[in-house]
Every structure is written in C-alpha cells, then in structure tokens.
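What follows is a single structure, written as structure tokens, with notes after it.
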Number of protein chains: 2
Amino acid sequence: MMAAPQTLDQTLLALADPTRRAILQRLSRGEARVTEVAQPFKMSLNAVSKHILVLERAKLVKRRKVGREHFLSYRAQPLDAAAKWMDDTRTFWGSRLDALEHLLREEDENTK
Amino acid sequence: MMAAPQTLDQTLLALADPTRRAILQRLSRGEARVTEVAQPFKMSLNAVSKHILVLERAKLVKRRKVGREHFLSYRAQPLDAAAKWMDDTRTFWGSRLDALEHLLREEDENTK
DNA sequence: TTGACATTCAACCAAAAGGTTGAATATATT
DNA sequence: AATATATTCAACCTTTTGGTTGAATGTCAA
C-alpha cells in the first residue's frame with residue numbers, strides 16, 4: 001500500500017531539518033526523555049520540544065508518558081515509506097535508461 | 001564519501017513539497033522545457049519556475065539552455081545520497097534490535 | 001504543603017517559503 | 001524593425017517555521 005502523499009510530505013518535511021535528524025539519530029540508540037534529548041543542543045528546551053512535536057506528528061517518534069517523564073522512541077515505518085518512495089523513483093530511472101546512457105551519466109556524475 | 005549535511009538538507013527540503021516531487025516525476029519520464037513542466041499545474045508559470053530553482057539548487061535538476069528554451073533533466077545523485085542516509089539509519093536499527101524485539105515492534109506497528 | 005522538576009502552552013518575533021503580478025531580458029519569427 | 005515566445009527578476013503579500021521568554025500544568029520529593 002502506498003503512503004498518502006500528505007504523510008510523505010510530513011515525513012520529508014520533518015527530516016529536512018538537521019536538528020530533527022540529530023534527534024532521530026539520538027533516538028536510534030534507544031529511548032530517551034525530552035530533557036535528555038534536548039541536552040546536547042544549544043537551543044532552548046522549548047525549541048527542542050517543538051521539534052519533537054513535529055517528529056511526533058510525522059509519526060517518526062512515539063511518546064510514552066510515565067508520570068511527569070515522557071519517553072521518546074524512534075518509529076521506523078515512515079522512514080521505510082519514504083525510502084520506498086525514493087527507491088521507486090530511482091528504480092524507474094534505472095530501468096528507463098539504456099546501458100550507454102547510464103554509463104555516460106555515471107561518467108558525468110563522477111567528474112563533477 | 002558521505003554527503004555534506006547541508007546538501008542533505010537541501011535535498012530533503014526540496015523533496016518536501018508535492019509540487020516539486022511532481023516535477024521530478026515528470027522529468028523522470030525525460031527532459032522537458034520549463035513551460036512544459038509548468039503546464040499541468042494550476043499555479044503561475046513563475047511559481048513553477050521558482051520550484052525549479054529550488055530543485056536546481058539541490059542539484060536534483062540540471063538545466064541545459066538552447067536559445068531561449070531551457071531543457072530540464074532529472075539528476076539521480078542527490079536522491080541516491082538521501083536514500084543512502086535513510087538506509088544507513090534504518091540499517092542501524094535492523095542490526096540493533098534482536099529478533100524478538102523486532103517482531104514485537106512490527107506487531108505493534110501493524111495494529112495501530 | 002512546599003518546593004523542585006519535567007514538560008507543554010501561549011504570545012511574540014524574525015526569517016523563510018510559497019504564491020501573486022508586472023517588468024525585464026533574450027531569442028525567435030514575420 | 002516589430003512582435004511574439006520563453007524565461008527570469010523584482011517587489012510584494014500571507015502563511016509557516018524556528019526560535020525566544022514567561023507562565024501554566026502535572027508529578028515527585030522533603
């Protein structure tokens with residue numbers, strides 16, 4: 001099943017920010033609380049909190065509340081979907097170009 | 001070699017817009033002029049021209065000028081790099097989770 | 001209960017994004 | 001030379017984004 005384009009939008013938009021990608025990297029090493037996630041950044045806790053909200057809306061992050069602490073974890077599904085979209089687009093190209101064209105393109109790509 | 005994070009930013013930002021993704025889809029079927037690319041959209045030619053500039057800055061589109069006509073073509077490299085970043089992030093997870101955890105996560109993912 | 005802690009909410013601000021229209025530039029056509 | 005075509009540039013507007021600070025909320029700990 002193909003992801004709704006709106007979802008893809010949200011995913012890519014969420015990923016198009018280095019802070020948010022860094023947050024995901026952090027979470028890819030395991031669950032963490034909001035404060036822990038925010039710690040390495042120079043910006044305010046509030047700013048990070050907002051970034052987390054964006055990631056949450058995009059379903060890239062899931063929140064589990066325990067008392068006053070919110071534990072955040074990485075969710076793979078949207079990234080999988082985005083990767084699939086990319087693969088599809090790229091695969092299309094691969095099958096469209098004939099061998100010579102493809103070779104020339106690589107050539108060009110490498111000497112840039 | 002790893003892409004500069006700035007480049008990844010540009011790539012993902014460029015992709016995080018349905019109009020621009022549609023433009024790329026169009027170009028994945030072959031070269032086209034600016035006017036041709038703009039034709040299906042409801043927005044003004046100028047708006048599309050701006051989108052193309054964004055794609056060009058992200059090196060997702062290359063421009064070849066012939067007289068007054070500008071021929072646009074799709075470039076695969078940045079998408080490749082973005083896909084690689086995603087794969088890397090995802091692969092990390094894949095190798096980190098043990099089989100049971102992984103299974104439970106999938107389970108959870110599917111019943112949401 | 002008083003106070004510290006974890007987190008969000010709300011209001012605000014500057015900068016960027018995405019669109020518009022109108023003018024400019026360069027090339028083709030007659 | 002005059003006009004039409006292809007495209008960008010420039011100015012403008014509105015909405016969104018990414019950040020700030022200060023207050024509110026809810027929970028733990030003394």
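A, B, ... follow the sequence lines: proteins, then strands. Residue 1 opens every chain.
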Roughly, in whole Å, what's the span from [atom1] in [X] to [atom2] in [N]?
X	N	atom1	atom2	result
A:Leu13	C:dG18	CG	C1'	13 Å
B:Leu45	C:dT25	CG	C1'	15 Å
A:Asp9	C:dA17	CG	P	15 Å
A:His70	C:dC5	NE2	P	17 Å

Report summary line: With sequence neighbours left out, the residues meeting side chain to side chain contact (heavy atoms under 4.5 Å, CB included) with A:Val54 are A:Ala14, A:Arg20, A:Arg57
Requested in this report: List in chain and number order the residues that pass side chain to side chain contact (heavy atoms under 4.5 Å, CB included) with A:Ala47, two or more places apart in sequence or in another chain; answer none if no residue qualifies.
Outcome: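 Counting only residues at least two positions away or on another chain, A:Ala47 forms a side chain to side chain contact (heavy atoms under 4.5 Å, CB included) with A:Met43, A:Ser44.
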**Report entry** Positional range of nucleotides in DNA chain D within the contact set of chain A, heavy-atom, under 4.0 Å
**Finding:**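 The contact span of chain A on DNA chain D goes from D:dT17 to D:dC28.
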Query raised in the report: Which residue pairs pass the salt bridge (Lys or Arg N to Asp or Glu O under 4.0 Å) test with at least one member in residues 35-45 of chain A, sequence neighbours excluded?
Result: A:Arg33-A:Glu36
Query - Under the side chain to side chain donor-acceptor pair (under 3.5 Å) test, residues paired with A:Arg26 that sit two or more places apart - result: none
**Report entry** Partner set under side chain to side chain donor-acceptor pair (under 3.5 Å) for B:Arg63, not counting sequence neighbours
**Finding:**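 Side chain to side chain donor-acceptor pair (under 3.5 Å) list for B:Arg63, sorted by chain: B:Glu56, B:His70.
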Query raised in the report: Side chains of B:Trp85 and A:Arg21: does their closest heavy-atom pair fall under 4.5 Å?
Result: yes
Query raised in the report: Does A:Pro78 reach the side chain of A:Thr7, with side-chain heavy atoms less than 4.5 Å apart?
Result: no
Query raised in the report: If you link I, L, V, M, F, W and Y whenever their side-chain heavy atoms are under 4.5 Å apart, who else ends up in the same group as A:Val66?
Result: A:Phe71
Requested in this report: Identify, residue by residue, the members of residues 33-44 of chain A with a heavy atom below 4.0 Å from DNA chain D, and return them in order of residue number, or none.
Outcome: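 Residues of residues 33-44 of chain A under 4.0 Å from DNA chain D: A:Met43, A:Ser44.
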**Report entry** Backbone N/O of B:Leu45 and side chain of B:Ser49: donor-acceptor pair under 3.5 Å
**Finding:** no
Report task. State the CG-CG distance between A:Leu79 and A:Leu15, to the nearest 0.5 angstrom. Result ->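 Atom-to-atom, A:Leu79:CG and A:Leu15:CG are 5.5 Å apart.
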**Report entry** Residue-level proximity of residues 46-56 of chain B to DNA chain C when a heavy atom falls under 4.0 Å
**Finding:** B:Asn46, B:Ala47, B:Lys50, B:His51
